[in-house]
Colleague: 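Structure below; questions to follow.
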Number of protein chains: 2
Amino acid sequence: MALGDAILACLTERPMTGYELAKTFDSSIGFFWKADHQQIYRELSKLRDRGYIQGREVVQSGKPNKLIYTLTPEGRTALRHWSARPSTPPSIKDDLLVRLHALDSIDIEPIRTDLMDRLEHHRDRHENYERILKKRFPEGTASDVLDLGNLLLLRLGARHEQMVADFCEEALEALSAMNGKSTVVPLDDGKREKG
Amino acid sequence: MALGDAILACLTERPMTGYELAKTFDSSIGFFWKADHQQIYRELSKLRDRGYIQGREVVQSGKPNKLIYTLTPEGRTALRHWSARPSTPPSIKDDLLVRLHALDSIDIEPIRTDLMDRLEHHRDRHENYERILKKRFPEGTASDVLDLGNLLLLRLGARHEQMVADFCEEALEALSAMNGKSTVVPLDDGKREKG
DNA sequence: CCCGTTATTTACCGTAACAGGAAAAAGTCG
DNA sequence: CGACTTTTTCCTGTTACGGTAAATAACGGG
């Protein structure tokens, strides 16, 4: 029940609707935790069934009525119980790493373009983190505990993206240096398969 | 089908039994990809059904007979097709980050001990990576493509662990500096719940 | 001799997560 | 009119994760 806890964590900031949560999971917390709206709504039903959150229906004209979810005291204690348990160190689980593990049995050209795409991707994210950091924490310090958490989060995100971006760059360089040493002939049998 | 591809990637090195694969997924590739033996065996059956791998039974006395799986040509091309597709940048998905996001609504003491455990954990892994690096690549260079992949892998792993370890350290310092500013009263209602 | 471990595979159970496609409803904007 | 936003819900899958457990037979300790 990790997604559920992530939702509870979001709701500590303020009550939200599923729609808002979906958007939150697309930006702020979504930088390191992905979930689409269907997943969110399903999880919200479960949390409501367990009494961890309470929905208040707000009648709207024009738009569908919305359900604003608030943490119940039970939800708060549940979150705190979960937070008091030791965290499980996650695996990296990046496709790229699996491919690198079998680098001599695959085609380098696609890997190269993939690395370039990833380089751009991680650089973008890094810039994004830095931008938010500069905006929210120009001093680089946090005043209260909530801010501290977010500052640390952003810093970790920034560093992580930087590190992966650097890695992509170095991998590309190393691949260029290794040029021509591949033993694999390029694929051409896949063109007719699966459209 | 990511686990399946990871298995195929392992089998490019040499034919292996499910048992060996399970151990591999516990050490080398398992540093960034977790899977228990049940998962491996289940995935192996699927791969065999699709014709990507072939099992050769080796009769043993004393021990149960083992099934040595070899990549078929179809398996090789399947792996190469998969490797030619763009990789999906994974999310970080660390419980710790979710907790930091709600740092003002949870208890800091458990987070602190958790951070200390994690610090030790990531330091251990970092040392492990460095040890392997020094042993396998004392020069810091790779001679062929296979070695290059593994060198890059190890380097990424080492840096990642180092980064996370540093992060834990800083987070602990920051929490100490923030000492006493927590607004949350410690939990004591959980003692009777769930054992 | 019982017990635990190693080696090796297989069988269940369940839940959680991920991926996608679809449909309501009623407003706004071009 | 059509496209888009807002908001929720339902569907069908697959993949992954987690635990429990059973075969089988050797080997080693107390």
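Letters A, B, ... mirror the listed sequences (proteins, then strands); counts begin at 1.
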Colleague: Could you tell me how far apart B/L3 (CG) and D/dC17 (P) are, to the nearest whole angstrom?
Modeller: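 In whole Å, D/dC17 P and B/L3 CG are 7 Å from each other.
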Colleague: Taking the nucleotide of DNA chain D with the closest heavy atom to each, which residue, B/Q39 or A/K66, is nearer the 5' end?
Modeller: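 Nearest nucleotide further toward 5': that of A/K66.
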Colleague: Please state how far atom NZ in B/K23 lies from atom P in C/dT8, giving the value in whole angstrom units.
Modeller: 7 Å
Colleague: In whole Å, I'd like the distance from the CG atom of B/D95 to the P atom of C/dA17.
Modeller: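 It works out to 10 Å between those atoms.
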Colleague: Please list, for nucleotides 20-25 of chain C, all pairs of protein and nucleotide N/O atoms separated by less than 3.5 Å.
Modeller:
unit_1	atom_1	unit_2	atom_2	d
C/dG21	O6	A/Q38	NE2	2.9

Colleague: Report the residues that fulfil side-chain contact (heavy atoms from CB on, under 4.5 Å) with A/T72, sequence neighbours left out, ordered by chain and then residue number.
Modeller: A/Q54, A/E74
Colleague: Between C/dA17, D/dT7, C/dT8, spot the one nearest the side chain of A/Y41, thanks.
Modeller: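 Nearest listed nucleotide: D/dT7.
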Colleague: Just jot down the side chain to side chain donor-acceptor pair (under 3.5 Å) partners of A/E170, sequence neighbours excluded, or say none.
Modeller: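 B/R159.
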Colleague: Whole angstrom is fine here: how far is it from CZ in B/F25 over to C1' in D/dG18?
Modeller: 17 Å
Colleague: To the nearest Å, how far apart are B/E43 CD and D/dT15 P?
Modeller: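 For the pair B/E43 CD and D/dT15 P, the rounded distance is 7 Å.
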Colleague: 5'-most contact on DNA chain C: B/T88 or B/E20, nearest heavy atom basis?
Modeller: B/E20
Colleague: Base, sugar-phosphate, or nothing for B/K46, non-hydrogen atoms under 4.0 angstrom?
Modeller: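 Sugar-phosphate, no base atom in range.
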Colleague: Under the rule for side chain to side chain donor-acceptor pair (under 3.5 Å), what residues qualify as partners of A/D36, not counting sequence neighbours?
Modeller: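 Listed in chain order: nothing, the list is empty.
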Colleague: Does a salt bridge link A/R123 with A/E120, judged by any charged N lying under 4.0 Å from a carboxylate O?
Modeller: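 Judged by the 4.0 Å cut-off on N to carboxylate O distance, A/R123 and A/E120 do not form a salt bridge.
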Colleague: Counting the atoms with a prime plus P, OP1 and OP2 as sugar-phosphate, which does A/T17 contact under 4.0 Å by heavy atoms, base, sugar-phosphate, or nothing?
Modeller: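 Contact class for A/T17: sugar-phosphate only.
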Colleague: Figure out the CG/C1' separation between A/L44 and D/dT9, and round it to whole Å.
Modeller: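 Going from CG in A/L44 over to C1' in D/dT9 covers 12 Å.
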Colleague: Starting from the 5' end of DNA chain C, give me the residue, A/A35 or B/R48, whose nearest nucleotide shows up first.
Modeller: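 Of the two residues, B/R48 wins.
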Colleague: Hey, are A/S87 and B/R99 close enough side-chain-wise for a donor-acceptor pair under 3.5 Å?
Modeller: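 Per modelled atom types, B/R99 and A/S87 side chains form no pair under 3.5 Å.
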Colleague: Mind checking salt bridge (charged side-chain N to carboxylate O under 4.0 Å, His left out) for A/R136 and listing every partner two or more places apart, or none if nothing turns up?
Modeller: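 Here the qualifying residues are A/D147.
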Colleague: Whole Å only: how far is the CG atom of A/L67 from the P atom of D/dT6?
Modeller: 17 Å
Colleague: How long is the line joining CE of A/M16 and P of D/dT7, in whole Å?
Modeller: 13 Å
Colleague: Which one, D/dA16, C/dT9, C/dA16, comes nearest to the side chain of B/Y19?
Modeller: C/dT9
Colleague: Going by the rule side-chain contact (heavy atoms from CB on, under 4.5 Å), which residues pair with B/F167 if we only count those two or more places apart in sequence or in a different chain?
Modeller: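 With sequence neighbours excluded, B/F167 shows a side-chain contact (heavy atoms from CB on, under 4.5 Å) to A/L152, A/L156, B/L100, given in chain and number order.
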